[in-house]
Amino acid sequence: MDDNMRLSTLALCVATLSGTFAPAVFANTPDAAKLTANVEQKVIEWRRDLHQHPELSNREFRTSKVITQHLESLGLEVQTGVAHTGVVAILKGAKPGPLIGIRADMDALPVTEVVDLPFASKATDTYRGQTVGVMHACGHDTHVAMLMGVAENLVNAKDSLAGDVMFIFQPAEEGAPAGEEGGAELMLKEGLFAKRKPEQVFGMHVTSSLPTGVIGLRSGPAMASEDSFTITVKGRQTHGSRPWGGVDPIVASAQIINSVQTIISRQVDVTKAPAVVSFGAINGGIRSNIIPDEVELIGTIRTFDQDMRADIKVKLAEIAELSAKTLGATATTEIDAGYPVTVNNPELVAKMRPVIRSVVGEDNLIEPGLITGAEDFSYYALETPGLFYFLGVTPAGKDPATVASNHSPAFYVDESALKVGVQTMTQLALTALSAK
C-alpha cells in the first residue's frame, strides 16, 4: 500500500473494542468467534515470526514456505511460485456453490525498524544497489498471519460451506523491483482467475489511522489510482549571461509546472471525483551560469474515476508539449501506469456491511473518507466484485492522528486487533458461502 493512508474520519472519537464482540446474527453458519478463539494465539505467533523475517517484493521465499507448509497441513490444494513467490490454495466446501477469493499481500519495505520489540526486524537486503533495512512497515505480516488463521477456520467449518474458497497470498504489492513484473497484475496475467473466476473477492489492510479493532469500509471508489510520469524538456544549452543564444528548458519547465495545475483547478469536474497531480522532482543543470540542454520533471497522478484518469493523462501530455513549444523547447511525456482505482462493489458492500457490524458492533464500523493512497487489490476488483476494508491497529491511549503511520520505521501494530480481522473475514466467507 502507498504511504498516504490517513483516513479523513480520524476526528471521530471511536471507542476501541474491549475484546467482547456482538454475536453473529447468522444462525445458519458456524460460530466465527469460537473458531477464531482457537487460532488467535497461532496467528500472533505467525505474525511475530514473519515480522522478524521480512522479505522485499518478489523475494518472499521464506514467507511463501511458511504459508505453504501451513496450508498443506490443512489438506488444501496448494500452488506455489505464482507471480514468482505467490501461493494459492483452494478449499472445496461440502456443498456446491460459488467460488470466493480472499487475498493477503506478503511483501515488506526497505525500511529500518526502530520499534523496540523482542521480535523486531534486524534483516537487511539490497534495494536499488544499496544495503537497506527491511521491515514489515505496512503490516503485510499481519495480513498473511490473519489469512492463515482464516484458512484454518474455514477448513474446520468446511462441512457447512456451500461453495469453495481461493486463498490468495500475493507478493509485491508494494511494487516489483525495477525491470520486473509482480503483484496482483502478474498473478492475473499468469491465469489466476482463468480457470475459474471467483464470484466475489475480499481483502483487508491494517492501518494506524484507526483505533484497535475499528473497521473502515467505504462503498464505491475507496482508494485512488496511481500513475507516475516523467516529462523530459529539451532546449539548447547556452551561457547564463546570454540566454538569447539558446533555448532555456528551465523556464519551459516552470511554464509546464504552472500550466499543469490548471488540469485539476479548471479542466476536470471535481464534483464528480477529486484528483491530484503533483510534481515530486525536478532535475536539470549543474552550474549557476550554464543554461542546460535538458530538464526532467517527475510526478504522480491520483484519481478516483477511471475515465478521469485517462483524460488527465492526455491533458498532461498536451500541456507539456504545447507549453514547451511556445518557448522553442520540446517536451515528451512518459506515463508509467500504476494501480487502478480501488472500487468496492456497492451491492456487495450493502450485503456484507451488516455482517461486519454483527462482529464489531455499530460504533466500531465507520465509513472512511477517500484515500489518495493506492492498492493493487484494485486489479482483482476490476475482474469481479470486490470488498476491501481497513482494520485499526492503534492501541487504546494512543491518538491515531499522531502515531507513526504505515510505512514508518516506527509503525506499530496492536496484536489484539488480529482476532478482529480473522473473525470478520471468517464471518464474511461463511456468509458468502452459506446454504440458501
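- For the pair Asp414 (side chain) and Val393 (backbone), a donor-acceptor distance under 3.5 Å is absent.
- Remark: Phe119 pairs with His51 by the ring-ring contact (aromatic ring centres under 6.0 Å, His included) rule, at least two apart or across chains.
- When the salt bridge (Lys or Arg N to Asp or Glu O under 4.0 Å) test is applied to Lys34, no partner is found at least two apart in sequence or on another chain.
- Residues Pro395 and Tyr412 are in side-chain contact: their nearest non-hydrogen atoms beyond the backbone lie under 4.5 Å apart.
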List the atom pairs, donor and acceptor, that lie under 3.5 Å between side-chain atoms in residues 83-90 and the rest of the protein, sequence neighbours left out.
from	atom 1	to	atom 2	distance (Å)
His84	NE2	Glu181	O	3.1
Thr85	OG1	Glu60	OE1	2.6

Exercise for review: Decide salt bridge (charged side-chain N to carboxylate O under 4.0 Å, His left out) for Asp363 and Arg357; before the verdict, give the C-alpha distance in whole Å, the side-chain angles of both, and the deciding distance to 0.1 Å.
Suggested key: CA-CA 9 Å; Asp363 292 339; Arg357 186 182 296 117; over 6 Å; no

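- Heavy atoms of other residues, nucleotides or ligands lying less than 6.0 angstrom from CG of Asp116 number 12 at most.
- You'll find the side chain of Leu370 reaches within 4.5 Å of the side chain of Phe304, heavy atoms only.
- In this structure, Ser121 has no side-chain hydrogen bond (donor to acceptor under 3.5 Å, both in side chains) partners at least two apart in sequence or on a different chain.
- Ring geometry, Tyr379 versus Tyr339: the interplanar angle exceeds 60°, so the pair is classed perpendicular (tilted spans 30 to 60°).
- Remark: Lys398 NZ is loosely packed, at most 12 non-hydrogen atoms of other residues, nucleotides or ligands lying under 6.0 Å away.
- The backbone N or O of Gly338 sits less than 3.5 Å from a side-chain atom of Asp227, completing a donor-acceptor pair.
- For Lys42, the salt bridge (Lys or Arg N to Asp or Glu O under 4.0 Å) test picks out Glu152, with sequence neighbours left out.
- Between the side chains of Ser416 and Thr212, not a single donor N or O lies within less than 3.5 Å of an accepting N or O.
- Sparse packing is recorded around NZ of Lys189, with 12 or fewer heavy atoms of other residues, nucleotides or ligands lying under 6.0 Å away.
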Practice item. I would like to know whether Tyr389 and Thr424 meet side-chain hydrogen bond (donor to acceptor under 3.5 Å, both in side chains); could you show each step before the answer? Key: CA-CA 10 Å; Tyr389 60 96; Thr424 54; 2.9 Å; yes

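- At least one donor-acceptor pair under 3.5 Å links the side chain of Asn364 to the backbone N or O of Val360.
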Check your understanding: Would Ile231 and Glu296 count as a side-chain contact (heavy atoms from CB on, under 4.5 Å) if you check the C-alpha gap in whole Å, the side-chain angles of each, and the deciding distance to 0.1 Å?
Key -> CA-CA 6 Å; Ile231 301 174; Glu296 181 185 66; over 6 Å; no

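- Side-chain atoms of Ser378 come within 3.5 Å of backbone N or O of Pro340 as a donor-acceptor pair.
- Shown here are the salt bridge (Lys or Arg N to Asp or Glu O under 4.0 Å) partners of Glu383, two or more places apart in sequence or in another chain: Lys197.
- Although no hydrogens or angles enter the test, the distance criterion places no donor-acceptor pair under 3.5 Å between the side chain of Ser228 and the main chain of Thr300.
- Residue pairs meeting the side chain to side chain donor-acceptor pair (under 3.5 Å) criterion with at least one partner in residues 66-81, sequence neighbours excluded, do not occur; the list is empty.
- In terms of modelled atom types and a separation under 3.5 Å, the side chain of Thr384 and the main chain of Glu199 share a donor-acceptor contact.
- Side-chain atoms of Asp107 come within 3.5 Å of backbone atoms of Glu173 as a donor-acceptor pair (strictly under, hydrogens ignored).
- For the side chain to side chain contact (heavy atoms under 4.5 Å, CB included) test with Leu391, the passing option among Val420, Val413, Thr207, Val214 is Val420; the others fail.
- Taking CG from Asp269 and CE from Met308, the interatomic distance works out to 6.0 Å, rounded to the nearest 0.5 Å.
- Atoms CD1 and OG, from Ile257 and Ser278 in turn, are 11.5 Å apart once rounded to the nearest 0.5 Å.
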Practice item. Mind running side-chain hydrogen bond (donor to acceptor under 3.5 Å, both in side chains) on Asp105 and Gln170 for me, showing each step along the way? Key: CA-CA 5 Å; Asp105 39 10; Gln170 178 209 301; 5.7 Å; no

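- Distance check, rounded to the nearest 0.5 Å: CG of Leu316 to OG1 of Thr333 gives 5.0 Å.
- Taking Ser64 as the reference, nothing meets the side-chain hydrogen bond (donor to acceptor under 3.5 Å, both in side chains) condition, with sequence neighbours excluded.
- Pro211 has its side chain out of reach of Thr394: every pair of non-hydrogen atoms, C-beta onward, lies at least 4.5 Å apart.
- Put simply, the side chain of Ile301 reaches to within 4.5 Å of the side chain of Lys313, judged on heavy atoms.
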Check your understanding: Would Glu55 and Thr63 count as a side-chain hydrogen bond (donor to acceptor under 3.5 Å, both in side chains) if you check the C-alpha gap in whole Å, the side-chain angles of each, and the deciding distance to 0.1 Å?
Key -> CA-CA 8 Å; Glu55 296 170 299; Thr63 304; 2.7 Å; yes

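- A donor and an acceptor atom, one from each side chain of Asn344 and Ser219, are nowhere located under 3.5 Å apart.
- Sorted by first and then second residue, the ring pair (Phe, Tyr, Trp, His ring centres under 6.0 Å) pairs involving residues 258-284 (not counting sequence neighbours) are Phe229-Phe279.
- Between His205 and His140, the two ring planes are perpendicular [angle over 60°; tilted spans 30° to 60°].
- The pair Lys95-Asp164 does not count as a salt bridge, with every side-chain nitrogen at least 4.0 angstrom from each carboxylate oxygen.
- Side-chain contact between Val295 and Ser253: present, with at least one pair of heavy atoms (C-beta onward) separated by less than 4.5 Å.
- Taking 4.5 Å as the limit, some side-chain heavy atom of Met148 sits within range of a side-chain heavy atom of Ile67.
- By the 4.0 Å N-to-carboxylate-O rule, Arg309 lies too far from Asp305 to be salt-bridged with it.
- Residues satisfying the side-chain hydrogen bond (donor to acceptor under 3.5 Å, both in side chains) criterion with Glu415, sequence neighbours excluded, are Arg47, Arg48.
- Legend: residues meeting side-chain hydrogen bond (donor to acceptor under 3.5 Å, both in side chains) with Gln267, ordered by chain and number and at least two apart, are Thr262.
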Only distances under 3.5 Å count here; give the side-chain donor-acceptor pairs of residues 123-138 to other protein atoms, sequence neighbours excluded, each with its distance to 0.1 Å.
from	atom 1	to	atom 2	distance (Å)
His136	ND1	Asp141	N	3.4

